Amino acid sequence: MKLGRLNHIGVATPSIAASILHFHDMMGATDISEPFDMPEQGVKVCFVNTPTGSDMNGTQIELIEPLDENSPIHGFLAKNPQGGQHHVCFEVEDISEARAWFEGQDKRILGPTRIGAHGTPIFFLHPKDMMGQLTEIMETPRGEDGGGH
Ligand SMILES: CC[C@@H](C(=O)O)C(=O)SCCNC(=O)CCNC(=O)[C@H](O)C(C)(C)COP(=O)(O)OP(=O)(O)OC[C@H]1O[C@@H](n2cnc3c(N)ncnc32)[C@H](O)[C@@H]1OP(=O)(O)O
Ligand SMILES: [Co+2]
């Protein structure tokens, strides 16, 4: 398994609208996507794009707000009502190979591989098996050779 780019940091929030204001007005973010719903993941999503580097791929902040009480981030927000850093997402070249690698290391994989917000397959690893960090593994979008969005 070869580690790819840090694609995004997932930040849970009780209000994407309030978080957009924070990143725009307080942090000076100039490239923020329109929020959109992902009912199959139980979240509303919005990307805050950081400036691109020489490789033309900036890391994103992925704002996520629960769509309802069945959302996988409902419990996290119950414990952290203000929201906060929720997960990190690393890219890999081959999602099946990565899944087999982590399974072979006895890491708990949370649910099936599914299509994520960037249109490529993703899966999640339990934070208790990953040094306390909920970890999302995402296949690099084709044509981007190493990352980005
Ligand atoms: C936008 C789409 C997509 C993308 O394309 O990028 C996404 O990112 S969707 C993001 C939301 N989806 C997910 O998070 C799916 C995977 N998550 C889960 O299956 C669950 O959230 C969870 C990780 C199993 C947690 O479930 P929950 O019921 O909320 O908590 P538990 O009480 O079972 O937690 C057990 C234990 O783990 C600690 N914990 C929970 N969440 C986190 C976290 N985000 N980071 C670090 N640690 C976490 C929790 O505190 C418990 O610890 P103890 O209290 O010590 O037992
Ligand atoms: Co994510």
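Read the numbers this way: they start at 1 and go in the same order the structure lists the ligands and their atoms. As the structure is a prediction and not an experimental result, all values here were calculated from the model.
Nearest-heavy-atom check against atom 47 (N) of ligand 1 across Cys89, Pro66, Pro127 picks out Pro127. Nearest to atom 17 (N) of ligand 1 by heavy-atom distance, out of Leu134, Thr135, Val88, is Leu134. Between atom 44 (N) of ligand 1 and the options Met38, His86, Met138, the minimum heavy-atom separation is to His86. Residue Leu110 holds the heavy atom nearest to atom 23 (C) of ligand 1 of all those in Leu110, Thr120, Leu125, Val45.
No side-chain heavy atom of Val11 sits under 4.5 Å from any side-chain heavy atom of Ser19. A 4.5 Å side-chain heavy-atom check between Leu63 and Phe23 finds at least one atom pair inside the cut-off. Side chains of Phe76 and His87 form no contact here, defined as non-hydrogen atoms less than 4.5 Å apart.
Residue His8 has at least one heavy-atom neighbour below 4.0 Å for each of these atoms of ligand 1: 6 (O). Atoms of ligand 1 found under 4.0 Å from any heavy atom of Arg114, numbered from 1 in the order shown, are 15 (C). Close approach of ligand 1 to Phe76 is summarised as follows: ligand atoms under 4.0 Å from at least one heavy atom of the residue are 44 (N). Applying the 4.0 Å criterion to heavy atoms of Ile73 picks out, from ligand 1, the atoms 11 (C). Near Glu136, the atoms of ligand 1 lying under 4.0 angstrom from a non-hydrogen atom of the residue are 4 (C), 5 (O), 6 (O), 7 (C), 8 (O).
For atom 36 (C) of ligand 1, a protein heavy-atom neighbour is found at a distance under 4.0 Å. Protein heavy atoms are found inside the 4.0 Å sphere centred on atom 5 (O) of ligand 1. For atom 50 (O) of ligand 1, the nearest protein heavy atom lies closer than 4.0 Å.
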Subject >> ring pair (Phe, Tyr, Trp, His ring centres under 6.0 Å) between His118 and Phe47, intermediate numbers included >> reply: CA-CA 10 Å; His118 299 77; Phe47 299 125; 4.7 Å; yes

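Only side-chain heavy atoms of Lys128 come within less than 4.0 Å of ligand 1; its backbone N, CA, C and O stay farther off. The proximity of His87 to ligand 1, defined as any non-hydrogen pair under 4.0 Å, is limited to the side chain.
On a distance-only criterion, Gln41 and ligand 1 share no N/O pair closer than 3.5 Å. Among the atoms of Glu62, some N or O lies under 3.5 angstrom from an N or O of ligand 1.
Protein N/O/S atoms found under 2.8 Å from the Co ion (ligand 2), listed by chain and residue number: His8 NE2, Glu62 OE1, His87 NE2, Glu136 OE1.
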